[in-house]
Every structure is written in structure tokens, then in C-alpha cells.
2 protein chains.
Amino acid sequence: MKISELAVRTGLSAHTIRYYERIGLMPPAPRDGATHRHYDERALNWIEFVGRLKTTGMPIRQMLRYAELRAAGPSSNAERKALLTEHRDAVRQHVEELIACLEVLDAKIAGYDD
Amino acid sequence: MKISELAVRTGLSAHTIRYYERIGLMPPAPRDGATHRHYDERALNWIEFVGRLKTTGMPIRQMLRYAELRAAGPSSNAERKALLTEHRDAVRQHVEELIACLEVLDAKIAGYDD
DNA sequence: TATTGACTTAGAGTGCGCTCGAAGTTGTAG
DNA sequence: CTACAACTTCGAGCGCACTCTAAGTCAATA
């Protein structure tokens, strides 16, 4: 697919997709006759996964590390797993924090009914 | 207390506390003889609450709106409650999203054991 | 074949939330 | 009384993650 289609399907702008490639967050896209980028489903899946990392608060620096490991092939599996595990644990902790904040918010909101 | 003590007790820097005052996120602190700021427990509580709003992803713009309502006194209670309720609902939704992402992460991590 | 719209690059600009530096003033400890 | 640490203001600078502009190239349609 063309970059415009990928943009629509991921909800990103074509600008942002090129930016991701430029910084190394996406592998260089193959070109139609050395000019226009074209993408397959794998690229779509990757962007969707990156989106989840982003939603869960992973900074781009760390995503770049993961992308680098991915590009290095299966030999990096152990390190990739470690990276994701560490991130998952951080996310779990953050969720706990948010739930605690929700209780404070609920109490504050209830307080306005006095 | 002095700004340095408030800084220690909130985990913010004195720079950041002054910045919060400058942008209107904190009411202007009373001064010791028109010079040094001094704070009471109420200021500490406010910063802690602002910290929870921050943790839960509220942008400063919206905090400013809340701070403004707070400064306006009890007549703004209804609007303050509405603002917090809206925010709480957004946080709840975000927590749901994070939990969904956690499932994806768990699956991905488990996949490395194949 | 001519036009139009989507693509390309390089680089500048934006908004957020601080964070720091400089230069000067004040309050306390010795 | 002196030294010095902590305070003050103002404004510049920073890191992040885009976001946009300009100027040019390419491809499909009328």
C-alpha cells in the first residue's frame, strides 16, 4: 500500500510515518522504482504495536532500542523480552498509581455534594 | 515554611514552584516583609493534589482552569465538580486502554518463549 | 500531452512542561 | 559586622514528539 493508505489505516499522518522512518523507528520502506514508499501488512502491524508502546508511555528512545533489536533478528529475542518485561512492569505500576489517584478524585468529587 | 522546605516536601524544585505561581497554577504566596515567600499546609495540599492531576495526565491548561475556579470561591463548586468528573471519566477510560495494552504486552512476552 | 494531485527531501517551527543561569537582595550564623 | 547561603526576578534554553513548509518529482487521468 502507499503511504497515504497506511496513514489512514494507522491514524498517523504521512509526515509522521516518514518521521518514524527517519529516526529509525521504522525500517526503511522499499520503493516503487526507487521513488515512492510502499508498505505491507507487517509495517501496519509494527505501527500498531508501536502505538501501544506509546499509549503505555514508552519514550521513543526506548522504542528505538527495541526497533534496533528487532532489526538484528532472532538472536536478540532474550533482550527484547527483557525490555518488554521491564516496560510491562512499569505500566502495571503506573496503572496502580492511576487507580489510587482515581480514588482521590472520587472522594474530591463526592466532597462537592456536601 | 520557606520555599526550600516546600520543595523538599513536595519533591518539586523551588524553580518549579515559582514557575507554578508565575503561570497561575498556585495563588501568589504571601511574603515575609514583602520579600521571601512563605507557605502553609494548604499550599502543600494543593501541590499534592495538582501532582495527582498531573499523574493522571491532565494538561496544565485544564489545571489552570480548575485553579481559577478554586480562586473564585464556593460559587464555582458546580463547575469544579463537573471538571473533575469529566477528568475522572477520561482517566478511567485511559486505565481501560492501558489494561488492554498490558494484555498485548503479556502475549508478546509469552511469545518469546516459543 | 497537459494537468493535477500525491509523492519526495531537507530543514525549520511548534507546544508542552519544565529547567537553568545571571545578577542582584536578604536573613542568619559566627 | 561580616560572610555566605538562600532567597528574588527575568528571561533564555532544553528535550520531547511531532508538524509543517518549500521546492521539487512522479504518475495517473482527461
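So that the names make sense, note that chain A is the first sequence line, chain B the second, and so on, each numbered from 1. The structure displayed is predicted, hence computed values, not measured ones.
- Along DNA chain C, the nucleotide nearest His15(B) and the nucleotide nearest Lys2(A) are compared for position; the residue whose nucleotide lies closer to the 5' end is Lys2(A).
- As a whole-Å value, the separation of Tyr39(B) OH from dC7(D) P is 10 Å.
- When the C1' atom of dA28(D) is taken as reference, atom CG of Asp32(A) falls 13 Å away, rounded to whole Å.
- Shown here is Arg52(B), whose CZ atom has no more than 12 heavy atoms of other residues, nucleotides or ligands within 6.0 Å.
- With a 6.0 Å radius and a threshold of 12 heavy atoms from other residues, nucleotides or ligands, Arg42(A) has its CZ atom at or below the threshold.
- Judged by closest nucleotide on DNA chain C, Pro59(B) is the one of Pro59(B) and Thr35(B) placed further toward the 5' end.
- Residue His38(A) comes nearest to Arg31(A) through the heavy atom pair CD2-C, 4.1 Å, listed as atom of the first residue, atom of the second, then distance.
- The nucleotide whose nearest atom lies closest to any side-chain atom of Ile3(B) is, among dT21(D), dT19(D), dC7(D), dC7(D).
- Mapping Leu25(A) and Glu21(B) onto DNA chain D by nearest heavy atom places Glu21(B) closer to the 5' end of the strand.
- When the shell of 6.0 Å around CD of Glu86(B) is examined, it contains 12 or fewer heavy atoms from other residues, nucleotides or ligands.
- Looking at heavy-atom distances under 4.0 Å, Arg31(A) makes contact with sugar-phosphate atoms alone, never a base.
- Among the heavy atoms of the strands lying under 4.0 Å from Arg37(B) are primed sugar atoms or P, OP1, OP2 only; no base atom is included.
- The CZ-P distance, from Arg18(B) to dG11(D), rounds to 16 Å in whole Å.
- In Arg80(B), the CZ atom is crowded: over 12 heavy atoms of neighbouring residues, nucleotides or ligands sit closer than 6.0 Å.
- Rounded to an integer number of Å, the gap from Tyr20(A) OH to dC16(D) C1' is 12 Å.
- Using cut-offs of 30° and 60° on the angle between ring planes, the pair Tyr66(B) and Trp46(B) is parallel.
- A salt bridge links Arg65(B) with Glu68(B): at least one charged nitrogen is closer than 4.0 Å to a carboxylate oxygen.
- Between the CD atom of Glu5(B) and the C1' atom of dA6(D) there is a distance of 14 Å, rounded to whole Å.
- The nearest whole Å value for the distance from the OH atom in Tyr19(A) to the P atom in dT21(D) is 18 Å.
- Extent of DNA chain C lying under 4.0 Å from chain A heavy atoms, first and last nucleotide in 5' to 3' order, is dC7(C) to dT9(C).
- At the heavy-atom level, His36(A) lies under 4.0 Å from the strands shown only through sugar-phosphate atoms.
- Nucleotide dC18(D) holds its C1' atom 14 Å from the CG atom of Leu64(A), rounded to whole Å.
- Distance, Gln62(A) CD to dC16(D) C1': 15 Å, rounded to whole Å.
- Backbone-only contact: Arg61(B) has heavy atoms under 4.0 Å from sugar-phosphate atoms and none from a base.
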